[in-house]
Amino acid sequence: MDDEVRFHLEMQAEDNRRAGMSPAEARYAAMRSFGGVEPMKEMFRQRRTFALVETVIHDTAHGARSLGRRPGFTIAAGLSLALGIGITTAIFTILDAVALRPLPYSDPDQLIWMTQILKKNSTDEVTLTAHFLEWRRQNQTFTDLAGYNYQTRNLTGLDEPMQLRTAKASASLLPLLGVKPVLGRNFLKQEDYKGHDQVALLGSALWQQQFGGNPKIIGQPITLDGSPFTIVGVLPPDFVFPGPDQVQLITPLGKDEAAELQYKVGSIIFNVIGRLKPGATLGQARADLVVVQSHLPMPAFRPTITMKMMTLREHLFGNVKTAGIVLVAAAGFLLLIACANVGNLLLARWMQRDRELAIRSALGGSRIRLIGQLLTESALLGVLACAAGITLAFWARGPLFALSPYQLSGLRTLPFDARVLGFAVALGMFTTLLFGLLPAFRATKAHLAEAIKVGEAAVVGGRGSQSILSTIAAAEIAITLVLSTGAGLMLQSFWKLRYMNLGFQPDRLVIATLNLAGPSYRDNARQSGFIEELLERTQSLPGVELAAVTNASQIPPGEFHATNTFAIEGRDQPLGGPRPIARYPVVSPSYFAIMGIPLLQGRLLGDSDGRNTPPVAIVNRALVRRYFDRENPIGKRVRTGGDDQPWRTVAGVVGDVKTSGLASAAEPTMYLSYRQASAQAEIGLVVRSPLDAGIIAAELRKTVASLDANQPVASVQAMADRLSESVSGPRFTTVLLFAFAALAVVLGLIGVYGVMGCRIRWQLRELAVRQALGAPRRDVIWHVLRQGFAIILPGLVVGVFGAIGLSRLLSSMLYEVSVHDPLTFAIVPTGLVGVALFACWIPAMRAARSDPLQLLRHD
């Protein structure tokens with residue numbers, strides 16, 4: 001190309017000489033008519049076939065050298081972007097798992113979960129079995145329906161007894177889900193009936209761990225709660241039970257359908273799943289079952305019945321989806337702050353290259369060409385950050401999954417598939433454009449005469465660049481305020497939920513549960529004797545200070561609401577009308593002392609309250625407030641259950657304890673002595689000890705085995721862990737939001753610090769003149785802080801409005817905290833202003849301490 005250009009110039013110069021010009025004039029005229037040599041070369045290069053590839057390779061090599069010359073900048077910018085991309089992608093894996101991936105069933109979008117809402121004395125989400133059977137027979141929109149209930153059972157006859165989490169399910173459940181056993185068969189239709197239901201399907205893990213994966217297991221007997229069952233099948237290893245808890249074994253539903261339909265017996269089903277017919281919709285199915293329901297006879301207690309229906313995905317992951325969207329949005333905000341920081345760094349760095357870019361432009365480089373070169377440098381940085389972010393996201397899945405509560409819905413891991421990878425790559429491309437495009441356009445807006453001046457004051461771009469940097473910094477402040485306010489609201493909510501007004505002292509408590517469902521313990525006297533011996537031996541264990549028992553379901557924090565009715569002597573109960581409701585915890589006398597429940601009036605249960613003494617009850621303050629307002633309850637008589645139950649004298653009043661979930665207020669409760677109550681299937685052993693729960697567990701299992709070799713001890717858990725698990729969802733969201741807010745504060749302050757540092761460098765001459773004319777240091781510092789506050793204030797205003805919008809999104813996740821909580825909306829902005837001004841104060845002090853004469857002399 002150089003030879004061709006030289007040839008054209010020589011031929012034009014020769015023509016000029018023949019026209020009478022001197023050799024010097026002829027060559028000058030030829031160059032003038034030819035135009036710029038370098039632009040001409042560039043134009044011809046662009047017309048070549050592989051010019052674009054050559055340009056990309058050249059720009060990539062130039063970008064790599066440029067990034068390599070500034071390793072500090074490259075590492076800082078790359079880590080900021082990698083952190084944002086990695087965290088956002090890791091959080092997206094949760095949203096992907098619960099909202100985007102199909103459930104592991106055949107045509108999962110056709111699966112519907114439903115229940116009845118029964119309102120009378122209480123509000124319960126359960127389905128009457130008789131109504132379920134009629135739904136299945138009369139509906140027009142479902143191919144089939146299946147019901148299931150969870151049940152805890154003891155498996156005995158092996159080397160060691162064990163407690164299992166099982167389900168009693170309709171024979172239609174597996175076909176409805178599109179699941180087949182890997183060994184054996186599914187339940188037969190006749191095995192759904194009571195008396196024919198002594199068969200079982202083993203979970204794959206149970207089959208492998210307890211039966212060694214024996215392929216000849218089909219037809220072998222097992223013992224559940226003292227009754228014989230026959231193994232008829234083994235579930236697939238990847239089978240996920242369609243409920244919030246996974247099960248180890250399934251048995252038939254076992255209902256007496258004829259008696260249920262004649263309302264001779266009444267039982268309930270907690271979960272019903274149906275598969276829609278092709279073309280049917282959820283709305284049509286709801287209307288269909290409402291019509292069926294309207295023609296069904298009502299049970300004797302005449303409740304108000306409404307229908308509740310939703311997709312199976314919404315039932316399993318509804319709350320998770322909301323939390324996932326909030327967390328992805330928060331991670332996206334964090335990524336925006338990282339992009340803003342890198343954009344600021346790039347703009348400041350490229351503005352320091354004004355002279356270089358202006359000279360390139362003077363030598364023939366078009367603005368599009370310069371923008372392309374700078375964007376290539378940004379893209380190279382984005383590729384490195386994207387690769388590091390994907391690595392971080394892949395690594396973070398493990399800790400994130402361990403922290404999250406969502407494995408209870410059947411997830412065994414957070415997937416990292418093509419969808420997640422595509423999201424990460426798209427995120428990387430978006431961030432590259434986000435942080436690279438604006439600085440590139442601004443940096444190439446060069447003014448040649450100004451850019452080639454000698455002196456630092458003229459090198460960097462003026463007010464326009466300062467305005468861009470200040471706007472980006474204000475946006476960082478706004479985003480940081482939004483995240484910090486959300487984190488503050490969630491933190492305050494979690495603290496009130498987990499630690500305040502529990503009603504008992506959870507420190508040093510260990511909880512063990514036992515299922516006394518076998519035939520040996522159906523006799524009250526036998527069960528009482530076992531409990532007394534268990535308490536005596538447990539209390540004699542080294543390190544155990546006190547022991548007590550209660551119903552396993554009544555141990556805080558609990559889950560279900562009170563549904564049991566009772567009568568108060570002397571008060572008329574209208575037939576079919578609402579009756580008082582309360583919880584009936586059956587406890588040993590030491591329960592109140594071990595839990596730290598205060599006595600407010602009367603006395604507590606004692607060892608003298610036995611089977612041969614008048615029955616007594618201890619009530620809580622919530623029951624007194626609701627049913628004995630302005631009356632002294634001591635000495636009043638109440639009756640739990642039907643008319644065949646004895647009257648019990650109220651002997652004392654104790655404080656309230658949360659036993660229906662930490663998010664629910666304490667409910668009316670009536671404590672009964674285990675010696676004066678009927679046998680309980682599941683009991684909870686409460687132990688107060690400074691020892692670790694693992695040590696207590698080993699000793700308790702030995703103690704129980706010495707009393708009954710066929711009685712397993714299920715879970716042994718510290719009360720603190722039990723409480724934390726009950727709020728694992730809010731804890732997960734709170735921890736991540738708090739971590740995001742902390743990172744946002746750090747990145748935001750770095751951004752403000754960097755912007756103020758740039759502004760001060762651009763104002764060194766002005767500040768030096770001020771000091772040379774006698775301005776004291778405090779005036780210089782105050783001048784810089786005023787500029788910093790002018791950046792902070794707009795961000796603060798926008799951030800407050802953004803925080804109000806975010807708080808409304810969080811409203812369903814807050815507990816006893818207003819979405820406009822004045823404490824949070826006062827502390828967070830004030831604290832953020834303080835730390836932001838501190839970030840401005842550091843460069844201000846550095847500028848105030850510099851020597852003005854030296855700066856002016858250097859300039």
Side-chain angles (χ1 to χ4, degrees), residues 150-154 161-165 225 245 502-518 521 524 527-539 541 544-560 562 564 583-597 605 618 620 654 657-662 666-667 669-689 691 693-694 696-697 699-701 703-704 707-708 711-726:
Y150 285 112
Q151 185 172 1
T152 301
R153 285 173 159 168
N154 292 338
M162 63 183 300
Q163 187 166 299
L164 302 180
R165 183 64 164 164
D225 291 340
D245 296 332
L502 299 178
F504 66 98
Q505 300 297 325
D507 300 334
R508 300 186 299 136
L509 291 185
V510 177
I511 310 299
T513 57
L514 294 84
N515 181 25
L516 304 181
Y521 298 108
N524 289 354
Q527 188 179 95
S528 294
F530 176 83
I531 291 174
E532 288 176 4
E533 187 69 22
L534 177 62
L535 286 174
E536 184 179 342
R537 295 196 185 188
T538 301
Q539 205 150 307
L541 292 175
V544 173
E545 300 172 359
L546 201 58
V549 294
T550 184
N551 317 63
S553 60
Q554 301 293 343
I555 299 176
E559 183 177 1
F560 298 106
N564 299 316
R583 311 181 76 91
Y584 298 163
V586 176
V587 302
S588 61
S590 56
Y591 181 76
F592 303 99
I594 198 172
M595 296 290 288
I597 302 173
L605 295 175
I618 307 298
N620 71 340
V654 295
V657 176
K658 290 184 176 181
T659 49
S660 54
L662 296 184
E667 296 182 328
T669 303
M670 191 180 304
Y671 295 94
L672 313 178
S673 171
Y674 75 94
R675 296 190 183 98
Q676 297 179 336
S678 58
Q680 305 296 313
E682 286 188 84
I683 67 167
L685 179 63
V686 186
V687 176
R688 182 173 291 278
S689 172
L691 300 179
I696 296 294
E699 295 301 321
L700 283 180
R701 287 192 169 93
T703 300
V704 172
L707 293 171
D708 185 348
Q711 177 59 53
V713 176
S715 62
V716 180
Q717 189 179 29
M719 177 63 84
D721 295 338
R722 183 183 178 93
L723 294 176
S724 295
E725 282 186 7
S726 72

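Numbering starts at 1 and runs along the sequence shown.
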Between [X] and [Y], which heavy-atom pair has the shortest distance, and what is it?
{"X": "Leu514", "Y": "Pro712", "result": "CG-O, 4.2 Å"}
{"X": "Ala718", "Y": "Ala693", "result": "N-CB, 3.9 Å"}
{"X": "Lys658", "Y": "Pro556", "result": "O-CB, 3.5 Å"}
{"X": "Thr550", "Y": "Pro585", "result": "OG1-CB, 4.1 Å"}
{"X": "Leu723", "Y": "Pro506", "result": "CD1-CB, 3.7 Å"}
{"X": "Ala552", "Y": "Thr513", "result": "CB-CG2, 4.1 Å"}

message = I'd like to know whether Leu685 forms a side chain to side chain contact (heavy atoms under 4.5 Å, CB included) with Leu535, so could you lay out the CA-CA distance, the side-chain angles of the two residues, the decisive distance to 0.1 Å, and finally the verdict.
response = CA-CA 8 Å; Leu685 179 63; Leu535 286 174; 3.9 Å; yes

Ion pair Arg688/Glu545, N-O distance below 4.0 Å =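 The answer is no: the pair does not qualify as a salt bridge.
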
[atom1]/[X] to [atom2]/[Y] distance, rounded to the nearest 0.5 angstrom?
{"X": "Ile683", "Y": "Tyr674", "atom1": "CD1", "atom2": "OH", "value": "10.0 Å"}
{"X": "Asp225", "Y": "Leu516", "atom1": "CG", "atom2": "CG", "value": "10.0 Å"}
{"X": "Leu541", "Y": "Ile696", "atom1": "CG", "atom2": "CD1", "value": "7.0 Å"}
{"X": "Ile594", "Y": "Met719", "atom1": "CD1", "atom2": "CE", "value": "9.0 Å"}
{"X": "Gln163", "Y": "Asn515", "atom1": "CD", "atom2": "CG", "value": "5.0 Å"}
{"X": "Leu605", "Y": "Tyr591", "atom1": "CG", "atom2": "OH", "value": "12.0 Å"}

task = Begin from the C-alpha positions of Val587 and Phe592 and carry the test side chain to side chain contact (heavy atoms under 4.5 Å, CB included) through to its verdict.
result = CA-CA 9 Å; Val587 302; Phe592 303 99; 4.2 Å; yes

Got a donor-acceptor contact below 3.5 angstrom from the [X] side chain to the [Y] backbone?
{"X": "Asn154", "Y": "Gln711", "answer": "no"}
{"X": "Arg675", "Y": "Ser528", "answer": "no"}
{"X": "Glu682", "Y": "Gln680", "answer": "no"}

May I ask you to test the [X]-[Y] pair for a side-chain heavy-atom distance under 4.5 Å?
{"X": "Arg722", "Y": "Ile555", "value": "yes"}
{"X": "Met670", "Y": "Ile618", "value": "no"}
{"X": "Leu502", "Y": "Leu662", "value": "yes"}

key: The single option from Glu667, Gln554, Arg583 passing side-chain hydrogen bond (donor to acceptor under 3.5 Å, both in side chains) against Thr659   =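 The passing option is Arg583.
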
message = Apply side chain to side chain contact (heavy atoms under 4.5 Å, CB included) to residues Val657 and Tyr671 and explain how you reach the verdict.
response = CA-CA 12 Å; Val657 176; Tyr671 295 94; 4.1 Å; yes

request  = Given side chain to side chain contact (heavy atoms under 4.5 Å, CB included), test Ile531 with Ser588 step by step and report yes or no.
outcome  = CA-CA 9 Å; Ile531 291 174; Ser588 61; 5.8 Å; no

